[in-house]
J.: 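First the structure, then my questions, so here it is.
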Amino acid sequence: MIIGGDNMGIADNVKDIKRRIHGAAKRAGRNPDAVKLIAVTKTVGVPEIRELLACGVNNIGENRLQVAMPKIEELADMGINWHFIGSLQSNKVKKIIEHFECIHSVDSVRCAEEIQKRAEAVGKQVKVLLEVNVSGESSKHGLSPNKLFEVLESCNDLDNVIVQGLMTMAPLTDDFETARPYFQKLKQLCKKYGLTECSMGMTDDFEVAVEEGATMVRIGRALFI
Ligand SMILES: *Cc1c(COP(=O)(O)O)cnc(C)c1O
């Protein structure tokens, strides 16, 4: 490494993140293989994604369709599972279900219904997670926990929408421990409703999320520093 250089390299970062996921899972008595690393590539381009693929990371998260599309097109047939993690606009749903393996950010019945309509038209089953605002911050997207039951009920009637789990974003702070109760709450909700996938944990708090039962962590910055 060049002294003063700021790039540790994606391969080293992946190794380090996997080691930390492994450690956190072990501390909690969990199987490290039950945690999927989703690399969030919204700030980087195709070369970085190729490096991730070379490290065996093929779950890739993007939050804006327009930004993702050129990368998706250039990397077609590379075996990437694309995860949509951004806010959903109904006029984008058609394209999103065509290209993404899982949508993490469904936060209304209206949105689930739009997915149903588009999925049915092309004969597809779409895996989704419902985004929950566990912290109650008004600035956050996501369903309030007390709306969750009602939305799950409605989704039951949507044959092409497969609700696999829940997603949340913890409040941003400089103390990662403050995220813990929110992650506990999301995991509780997953258990209560018999949902398998629990998408929580980002660069600053993913070890806490893994300790509390995350099955997917969405990591951006830590991969590219
Ligand atoms: C950007 C983003 C992430 C990754 O955040 P980092 O702090 O860069 O790890 C995770 N989830 C969502 C929804 C995002 O938009």
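Just so you know, these numbers come straight off a predicted model, no measurement behind them. These values consider heavy atoms only, across backbone and side chains, with no hydrogens, waters or symmetry-generated copies. Atoms within each ligand, like the ligands themselves, are counted from 1 in listed order.
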J.: Quick check on side-chain contact (heavy atoms from CB on, under 4.5 Å): which of Leu65, Asn81, Ile85, Val128 does Phe100 satisfy it with?
T.: Leu65

J.: Who's the nearest protein heavy-atom neighbour of atom 5 (O) of ligand 1, and how far?
T.: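 The protein heavy atom lying closest is Met202 CE, 3.6 Å.
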
J.: State, yes or no, whether a side-chain contact exists between Ser105 and Ile103 at a heavy-atom distance under 4.5 Å.
T.: yes

J.: Just checking Lys140: does its NZ atom have more than 12 heavy atoms from other residues, nucleotides or ligands closer to it than 6.0 angstrom?
T.: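 Yes, the 6.0 Å shell around NZ holds more than 12 heavy atoms from other groups.
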
J.: Val40 versus ligand 1: do any nitrogen or oxygen atoms come within less than 3.5 Å of each other?
T.: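 No; the residue has no nitrogen or oxygen that sits under 3.5 Å from a nitrogen or oxygen of the ligand.
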
J.: Measure the distance from atom 11 (N) of ligand 1 to every protein heavy atom, then report the residue, atom name and distance (to 0.1 Å) of the closest one.
T.: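 Scanning the protein heavy atoms, the shortest distance from atom 11 (N) of ligand 1 goes to Arg218 NE, 2.9 Å.
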
J.: Assess the residue pair Glu114 and Lys117 against the criterion (salt bridge (Lys or Arg N to Asp or Glu O under 4.0 Å)); give the C-alpha distance rounded to whole Å, side-chain angles, the decisive distance to 0.1 Å, and a yes or no.
T.: CA-CA 5 Å; Glu114 182 67 23; Lys117 183 174 104 186; 3.8 Å; yes

J.: If you count the atoms of ligand 1 from 1 in the order shown, which ones are under 4.0 Å from a heavy atom of Lys42?
T.: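 Selected atoms, number and element: 1 (C), 2 (C), 3 (C), 14 (C), 15 (O).
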
J.: Pull out every atom of ligand 1 sitting under 4.0 Å from any heavy atom of Thr203, numbered as shown with elements.
T.: 6 (P), 7 (O), 8 (O), 9 (O)

J.: Any chance NZ of Lys192 has more than 12 other-residue heavy atoms, nucleotides or ligands included, within less than 6.0 Å?
T.: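 Result for NZ/Lys192: open.
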
J.: Give the numbers and elements of all ligand 1 atoms closer than 4.0 Å to a heavy atom of Ile219.
T.: 9 (O)

J.: To the nearest 0.1 Å, how far is atom 13 (C) of ligand 1 from its closest protein heavy atom, and which atom is that?
T.: Ile85 O, 3.5 Å

J.: Among all protein heavy atoms, pick the one closest to atom 7 (O) of ligand 1 and tell me residue, atom and distance.
T.: Arg221 NH2, 2.7 Å

J.: Does any part of the side chain of Val126, heavy atoms only, come nearer than 4.5 Å to the side chain of Asn160, both counted from C-beta?
T.: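 Counting from C-beta outward, Asn160 and Val126 never come under 4.5 Å.
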
